[in-house]
There are 2 protein chains.
Amino acid sequence: MERKTSQRVAIENIFQRENRPLGVEEILKEGREIVESLNQATVYRNLKLLVEKGTLKPISHPVLGILYERTGRGHHHHFHCRICDRVFELPGCMLSETSAAPEGFVTEKHEVFLFGICPACGQQQ
Amino acid sequence: MERKTSQRVAIENIFQRENRPLGVEEILKEGREIVESLNQATVYRNLKLLVEKGTLKPISHPVLGILYERTGRGHHHHFHCRICDRVFELPGCMLSETSAAPEGFVTEKHEVFLFGICPACGQQQ
DNA sequence: TCTTTATTGCAAATAAATTTGCAATATTTG
DNA sequence: CAAATATTGCAAATTTATTTGCAATAAAGA
C-alpha cells in the first residue's frame, strides 16, 4: 500500500502552497527546504504517481517545458512572468473558439499562454 | 561566401510551398523527395543559418515541440490538426490582451494554440 | 517493538534532440 | 577548367531530461 513519506508529503504541500504549475527543478529546490535529502529521482517518481492518481497533470509550456499542475480546476490560461519566471493559472476564458479560426477549421480545444509581468514583480519596480 | 546548394534550395522551397510551420522531421522527409541524400545534420545546419539570417524563426509548440516558421508575417495564432498533424498559421487575433489577464498582470505578448480538424481533413470525413 | 516491503538516494543507464569532426563532394570565382 | 573552400553525409559525441538497478532506509501493521 502507498506510504506517506515525508518527501511525498512535501511535494504535495508545495503544490498546495504555491497553487500554480511547477517544474521539476522548482519542486526539487523547494522540496529540499523541507526534506534536505530530497532527490531528483524521488521527485520524478512521485510526480508520476500523482499524475497516475489524477491529482496532477503535466502541461507543456512553450518556454519552460513540462510543468505539473493540479487537476480539477476547469479551463484556464497560463501567465508567465518574465521577471520571476513563475507561471500562474488565470481562471476564465476570453477566447471565442468559434471565431478563433477561419471558416473550415473545427476548433476543439485551445491553449493560451500570456507573457509579461506578474502583480508581485510589477509592484517592486 | 554562402553557396546555393541543392539541399539548401530544397529546404527553402519547402517552406515556400507549404507556407506553414515545419518541424525537422517533416523538413527532412519532404526534402528527401527532392534531394534523396539529404541528411539530418544538413537540415539542422541550414535551419540554424536561416534563423541567423532572419528568414526563419523557431516556435515551441506545446505538442509538436520546436517548429520553424517564416518571419515577417505579423502576429498570428497556430492551429494544430489532430488528423494530419499539420500546423497552420491563422492570421489575425481575437484575443484582447488587456482583458486577458486579471488586474495587476501586465501582459506584453501572448501565444494561442488551437487544436482540432483542418479544412482538408474535415472534408474527407 | 519487530517484520514486511514501499520508498528513497545515488549513480549509472536511457532516450531523444541537436551538434560536431572529418573526409568527400560540389559550388563559385578567377 | 582549375583551385579554393563552403557544404555535405556519416558517425560519433553532446546535451538535457527522465528512468532504472540496487542497497539502505523508513513507514505501517501485527
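Treat the numbers as computed from the prediction; the structure is a model and nothing was measured. Residue numbers start from 1 in every chain, and the chains themselves are labelled A, B, ... in the order their sequence lines are given, proteins ahead of strands.
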Please report the distance, rounded to the nearest Å, between [atom1] in [X] and [atom2] in [N].
X       : N      : atom1 : atom2 : result
A/Gln40 : C/dA11 : CD    : P     : 12 Å
A/Ile11 : C/dT7  : CD1   : C1'   : 11 Å
B/Leu28 : D/dC10 : CG    : P     : 11 Å
B/Glu36 : D/dT8  : CD    : P     : 16 Å
B/Tyr44 : D/dC10 : OH    : P     : 16 Å
A/Arg45 : C/dG9  : CZ    : C1'   : 8 Å
A/Asn39 : D/dA23 : CG    : P     : 17 Å
B/Glu25 : C/dA17 : CD    : P     : 8 Å

Worksheet item: For the helix from C/dT1-D/dA30 to C/dG30-D/dC1, what is the angle between the axes at its two ends, each from 5 pairs, rounded to 10°?
Response: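 Taking five pairs per end, the axes differ by 40°.
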Practice prompt. Give the nucleotide from the list D/dT20, D/dG9, C/dT7 with an atom nearest to the side chain of A/Glu2.
Written response: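 The answer is C/dT7.
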Discussion item. Let's see if you can work this out: which of C/dT8, D/dT7, D/dG9 has an atom nearest to the side-chain heavy atoms of B/Gln7?
Written reply: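 Closest nucleotide to the B/Gln7 side chain: D/dG9.
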Discussion item. Is it the case that C/dT5 (base atoms only) and A/Arg3 (side chain only) share a donor and an acceptor within less than 3.5 Å, ignoring hydrogens and angles?
Written reply: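 Yes, the side chain and the base share a sub-3.5 Å donor-acceptor pair.
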Less than 4.0 Å between a side-chain N and a carboxylate O, is that true for [Y] and [X]?
X        : Y       : answer
B/Glu12  : B/Lys53 : yes
B/Glu26  : B/Arg86 : no
A/Lys109 : A/Glu97 : no

Discussion item. Within a 6.0 Å radius of atom CD on B/Glu2, are there more than 12 heavy atoms belonging to other residues, nucleotides or ligands?
Written reply: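 Yes, the 6.0 Å shell around CD holds more than 12 heavy atoms from other groups.
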Worksheet item: Would a 4.5 Å heavy-atom cut-off, applied to side chains only, mark B/Val9 and B/Thr5 as touching?
Response: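 No - every pair of side-chain heavy atoms lies 4.5 Å or more apart.
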Practice prompt. Would you indicate whether the side-chain heavy atoms of B/Gln16 and B/Arg70 approach each other to under 4.5 Å?
Written response: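 A side-chain contact under 4.5 Å exists here.
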Discussion item. OP1 or OP2 of C/dA26 versus the side-chain N and O atoms of B/Thr5: is any pair under 4.0 Å?
Written reply: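 For B/Thr5, the contact criterion (side-chain N or O under 4.0 Å from OP1 or OP2 of C/dA26) is not met.
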Discussion item. With a cut-off of less than 4.0 Å, is there a side-chain N or O of A/Lys48 near OP1 or OP2 of D/dT19?
Written reply: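 Checking D/dT19 against A/Lys48, a side-chain N or O does come within under 4.0 Å of OP1 or OP2.
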Item to complete: Please work out whether the ring planes of A/Phe113 and A/His78 are parallel, tilted or perpendicular, with thresholds of 30° and 60°.
Response: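 Aromatic pair A/Phe113/A/His78 classed parallel.
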